[in-house]
Amino acid sequence: MFSSPDHTPPRWLFVALTLCLAAIFAALMGRPDTASLSVQAAETAPVATIIPPTPAAPTPAPAPTPEPTPETTPEPDWSQPVPVGEAVDQEEWFSDAVFIGDSRTDGFRLFSGITSEADFLVHTGITVYDVGDGKNVIRRGDKKVSILDALAERQYGKVYISLGVNELGYRAPENFAETYGKLIDAIREREEDAAIYIQSIIPVNTEKCKANDQLYYVTNENIAAYNETLSAMAEEKKVRLVNVAEALIDENGEAVKDLSADGVHFKKDGYILWLDYLTTHTGP
């Protein structure tokens with residue numbers, strides 16, 4: 001077998017190389033450009049939509065708590081005497097009370113059994129005019145002071161007044177009531193927070209008055225006229241009127257004979273009834 005002396009590569013090798021180069025070129029031409037693909041991807045990528053958050057609904061302001069309506073005490077009917085009510089404990093009720101009056105009130109102090117904590121500014125024969133004029137009748141050590149000055153020494157919760165018998169003979173009922181009204185004003189200046197009670201003038205027992213030679217003008221007719229103006233004054237000044245007579249008179253409007261000592265003043269049983277009446281007629 002003979003070999004060719006020519007070293008030129010065979011033709012088939014050139015053909016094979018050509019085909020290989022063509023395939024490589026074709027492959028290179030068909031691959032997409034990476035940068036172009038990135039740009040294209042960026043252009044075609046969906047844009048994210050930013051949705052703002054839904055604002056929270058505002059919290060409603062709490063409804064204000066309504067203030068409780070304070071209970072109001074109805075105004076008394078000043079034209080009428082204090083009506084009957086449930087009895088109070090007299091020891092407690094009168095512990096901050098003061099009583100202003102004449103010898104009848106002094107008897108009440110001595111014999112009714114009222115608590116010793118109650119104060120008494122009393123003087124036999126005292127009148128509303130004496131009290132208003134500042135007559136010195138209350139002993140303080142070695143001297144005497146007026147009832148109004150003594151009243152101002154302490155603040156009271158209640159002021160009870162019983163005057164009128166000694167005034168019956170020499171002043172008209174209207175003048176009596178006018179002076180009494182000025183006394184109420186003077187008491188209020190000194191005792192701004194106190195409840196003021198005017199006690200009506202208690203009728204007398206006519207038979208015993210005559211038997212004990214009481215003054216001629218001390219009559220139930222005069223007392224009725226004074227009480228009428230006293231009632232009108234109490235309504236005008238808005239003070240409590242206590243009709244103590246209801247506990248101490250008979251069907252004829254006279255002080256009960258068996259309760260009366262001398263026609264004007266009372267026995268112990270009478271003063272006890274007086275105290276019982278006050279404990280059941282205190283008002284609102």
Side-chain angles (χ1 to χ4, degrees), residues 76-84 99-108 122-133 135 147 159-187 196-257 259-266 270-271 273-274 277-278 281 283:
D77 182 357
W78 303 109
S79 67
Q80 299 297 319
V82 174
V84 65
F99 288 81
I100 297 173
D102 50 31
S103 57
R104 276 179 161 182
T105 302
D106 199 26
F108 176 81
V122 298
H123 184 71
T124 299
I126 196 74
T127 69
V128 67
Y129 309 105
D130 296 331
V131 179
D133 290 342
K135 184 176 181 179
I147 285 178
V159 178
Y160 284 85
I161 312 170
S162 179
L163 296 166
V165 172
N166 298 302
E167 294 88 333
L168 291 174
Y170 57 97
R171 299 288 177 91
E174 294 75 17
N175 182 268
F176 166 76
E178 180 183 356
T179 305
Y180 213 134
K182 292 178 180 178
L183 175 59
I184 297 300
D185 294 338
I187 290 173
I196 299 177
Y197 293 84
I198 294 176
Q199 299 174 81
S200 61
I201 307 171
I202 304 171
V204 298
N205 181 273
T206 303
E207 181 181 341
K208 283 202 167 183
C209 280
K210 291 179 178 178
N212 288 275
D213 295 325
Q214 298 291 352
L215 296 170
Y216 71 93
Y217 52 76
V218 180
T219 67
N220 287 332
E221 290 75 18
N222 284 341
I223 289 174
Y226 271 55
N227 275 336
E228 184 176 351
T229 60
L230 200 59
S231 177
M233 185 275 296
E235 181 180 4
E236 177 188 351
K237 295 296 181 180
K238 294 186 176 182
V239 294
R240 295 167 173 83
L241 179 66
V242 187
N243 189 18
V244 181
E246 289 182 334
L248 298 168
I249 59 175
D250 60 20
E251 65 277 5
N252 298 315
E254 298 260 331
V256 175
K257 185 176 181 181
L259 296 177
S260 179
D262 57 3
V264 175
H265 302 91
F266 296 95
Y271 288 117
L273 289 175
W274 186 340
Y277 188 88
L278 293 185
H281 292 76

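Values reported hereafter were calculated over all heavy atoms of this structure, with side chains retained and with hydrogens, waters and symmetry mates removed.
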I want to check something: taking the side chain as every heavy atom from C-beta on, are [X] and [Y] in contact at a cut-off of under 4.5 Å?
| X | Y | result |
| --- | --- | --- |
| Thr229 | Glu178 | no |
| Phe108 | Leu278 | yes |
| Val204 | Thr219 | no |

Check: [X] side chain, [Y] main-chain N or O, donor-acceptor pair, under 3.5 Å:
| X | Y | answer |
| --- | --- | --- |
| Lys238 | Trp78 | no |
| Asn252 | Glu254 | no |
| Lys237 | Ile184 | no |
| Arg104 | Ile202 | yes |
| Tyr277 | Asn243 | yes |
| Gln199 | Tyr160 | no |
| Ser231 | Asn227 | no |

Looking at every heavy atom in both [X] and [Y], which two are closest together, and how far apart are they?
| X | Y | result |
| --- | --- | --- |
| Gly164 | Asp102 | N-OD2, 4.3 Å |
| Pro173 | Ala225 | CB-O, 3.9 Å |
| Leu241 | Ser200 | CD1-N, 4.3 Å |
| Ala234 | Ile198 | CB-CD1, 4.4 Å |
| Ala255 | Pro203 | CB-O, 3.4 Å |

Under the ring-ring contact (aromatic ring centres under 6.0 Å, His included) test, which residues partner Tyr271, sequence neighbours left out? Phe266, Trp274
In this structure, which one of Asn166, Leu163, Asn175 forms a side-chain contact (heavy atoms from CB on, under 4.5 Å) with Val128? Leu163
Only one of Asn205, Leu215, Val218, Asn212 forms a side-chain contact (heavy atoms from CB on, under 4.5 Å) with Val264, so which one is it? Val218
State the [atom1]-[atom2] distance between [X] and [Y], to the nearest 0.5 angstrom.
| X | Y | atom1 | atom2 | answer |
| --- | --- | --- | --- | --- |
| His281 | Arg240 | NE2 | CZ | 14.0 Å |
| Ile187 | Ile161 | CD1 | CD1 | 3.5 Å |
| Asp77 | Glu235 | CG | CD | 7.0 Å |
| Ile201 | Asn220 | CD1 | CG | 11.0 Å |
| Ile126 | Lys135 | CD1 | NZ | 5.5 Å |
| Ile100 | Thr105 | CD1 | OG1 | 9.5 Å |

Just grab all the ring-ring contact (aromatic ring centres under 6.0 Å, His included) pairs involving residues 215-242, residues at least two apart or on different chains. Phe176-Tyr226
Side chains of Asp130 and Thr127, donor plus acceptor under 3.5 Å: yes
Side-chain donor-acceptor pair present, Glu167, Tyr129, cut-off under 3.5 Å: no
